[in-house]
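Heads up, the thing below is written out as structure tokens.
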Amino acid sequence: MARLAQTAGLTDVQQEILSTVRDFVDKEIIPVATELEHRDEYPQQIVDGLKELGLFGLMIPEEYGGLGESLLTYALCVEEIARGWMSVSGIINTHFIVAYMLKQHGTQEQKDHYLPRMAAGDVRGAFSMSEPALGSDVSAITSKAVKDGDEYVLNGQKMWLTNGGTSSLVAVLVRSDEGHPEGTAPHKSMTTFLIEKEPGFGEVRPGLTIPGKIDKMGYKGVDTTELIMDGLHLSADRVLGGVTGRGFYQMMDGVEVGRVNVAARGCGVAQRAFELGVRYAQQRHTFGKPIAQHQAIQFKLAEMATKVEAAHAMMVNAARKKDSGERNDLEAGMAKYLASEYCKEVVEDSFRIHGGYGFSKEYEIERLYREAPMLLIGEGTAEIQKMIIGRRLLEEYRFQG
């Protein structure tokens, strides 16, 4: 099993980090994940352990107290964590996206104010684009910020915030027509605001309410919430980057690295599903021999392992492309699309190998079967990825006639 999803060319430091994370996953996450998931319980002890390991600051520069690691290192750590329990990787991911957006687009004052505390895990991040009637059409955002003297007043309802309750800093994308004449393209009149709040539910600061956790089929443990702004007052220095109208591009940059993260999660869940399937196939006997000796099962295992390898390779390629400073939306879209689809297929094949026992909550594969569908939606559906991939291919292969 250790032979699958290996990554060539890692430094000694990267290998040491991954070995530490892998040991933590095997000892601290896998033994308790299913029990916590069934209770929909926030994994506080696990999160505290990740904080001690420094994972909340993995990609935050050393000058701000982080480890200053690459996207590749981060993605490989996420792959390991998702192998243990995908919900834990979600807790890290939204925090990471906010920290990345601050690092790339924040003012110096914003970086100095937030990044050291985020690196230490004392400030936890969440971000929000979606709204109840929005779907994939980000340009249809209706939440709005209106200038009022030296402040902005925000109103609107946001949806699907991972870490919405436990976070203390939320990056929110809203419309801001101030300074943008009528007829301006929607994506050029959006602004990202940085909202500090108290962790918890209810009114977490004047004008801001987190109603409660959304009850989900899977992806439990981590809190997914709505966010309601009703006369929320923010000072102008809470505009990410200090200039309005740039929010769409800032968020898309964050989502692009987030897609590498979702691909890594798909790889991790698929790896775990394969591990469970290949182990069960050697333990379960039918017709006088282990089912692993039946050709039909061997075919499934072969297909599963090949999909794990292919998804991992594409995820690594997308991360390395971003680390090189090159545009990687094509590679990130491909990796996210393939890894999430293959994850679903590998989990289902492992579920089939388990037979009737896969339907029992006593077996870990039951949890994975409910978790995998979220990856088909998060950070853009398969259809959105295909649109991105198709447009980029037409740019690269433009016919000159």
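Quantities reported herein were computed from a predicted structural model and do not represent experimental measurements.
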Given E37 and K361, is the salt bridge (Lys or Arg N to Asp or Glu O under 4.0 Å) satisfied, shown in steps? CA-CA 11 Å; E37 196 271 349; K361 287 196 171 187; over 6 Å; no
Starting from the C-alpha separation in whole Å, work towards a yes-or-no answer on salt bridge (Lys or Arg N to Asp or Glu O under 4.0 Å) for K307 and E345. CA-CA 9 Å; K307 289 173 181 177; E345 293 170 10; 2.7 Å; yes
Passes salt bridge (Lys or Arg N to Asp or Glu O under 4.0 Å), E79 versus R83? Steps please. CA-CA 6 Å; E79 183 179 41; R83 175 181 151 267; over 6 Å; no
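No salt bridge links E275 with R279; every basic N to acidic carboxylate O contact stays at or beyond 4.0 Å. The pair E348-R352 counts as a salt bridge, with a side-chain nitrogen and a carboxylate oxygen less than 4.0 angstrom apart. A salt bridge is absent between E41 and K220; no separation between the charged side-chain nitrogens and carboxylate oxygens falls under 4.0 Å. Between D329 and R259 there is no salt bridge, since no side-chain N of the basic residue sits under 4.0 Å from a carboxylate O of the acidic one. Between K322 and E256 there is a salt bridge, since a side-chain N of the basic residue sits under 4.0 Å from a carboxylate O of the acidic one. No salt bridge links E303 with K300; every basic N to acidic carboxylate O contact stays at or beyond 4.0 Å. K336 and E379 are not joined by a salt bridge, as no carboxylate oxygen comes within less than 4.0 angstrom of a charged side-chain nitrogen.
Remark: of the listed residues L376, V269, L375, L376 is the sole one forming a side-chain contact (heavy atoms from CB on, under 4.5 Å) with K344. Of the candidates R238, R124, R205, E196 forms a salt bridge (Lys or Arg N to Asp or Glu O under 4.0 Å) with just one, namely R238.
Side-chain atoms of R175 and S189 include a donor-acceptor pair closer than 3.5 Å. Between the side chains of K216 and T224, a donor-acceptor pair is found at a separation under 3.5 Å. Side-chain contact check for W160 and E131: no donor-acceptor pair (N or O, by modelled atom type) lies under 3.5 Å. For the 3.5 Å distance criterion, the side chains of T244 and T191 fail to qualify, holding no donor opposite an acceptor. Between the side chains of D237 and S235, at least one donor N or O lies within less than 3.5 Å of an accepting N or O. No side-chain donor from either of S167 and H95 sits under 3.5 Å from a side-chain acceptor of the other. Counted by atom type alone, T286 and H294 present one or more donor-acceptor pairs between their side chains at under 3.5 Å. In the model, T34 has a side-chain atom that pairs as donor or acceptor with a side-chain atom of R367 under 3.5 Å. Residues S168 and E198 bring no donor and acceptor atom of their side chains to less than 3.5 Å of each other.
Under a 3.5 Å cut-off, the side chain of D323 and the backbone N or O of S70 do not form any donor-acceptor pair.
Relative to the ring axis of F56, K51 does not place its NZ or CZ within 45° and under 6.0 Å from the centre.
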Check residues 144-152 and write down every donor-acceptor pair under 3.5 Å in which the side-chain atom is one partner and the other belongs to a residue at least two apart or another chain.
from, atom 1, to, atom 2, distance (Å)
K144, NZ, D177, OD2, 3.1
E151, OE1, H233, ND1, 3.1
Y152, OH, E178, OE1, 3.1

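The line from CG of L368 to OG of S350 is 7.5 Å long, rounded to the nearest 0.5 Å. Between the CG atom in L55 and the CD1 atom in I81 there is a gap of 5.5 Å [rounded to 0.5 Å].
By the 30° and 60° cut-offs, the orientation of the rings of Y363 relative to H354 is perpendicular.
The environment of E362 atom CD is sparse: at most 12 non-hydrogen atoms of other residues, nucleotides or ligands sit within 6.0 angstrom.
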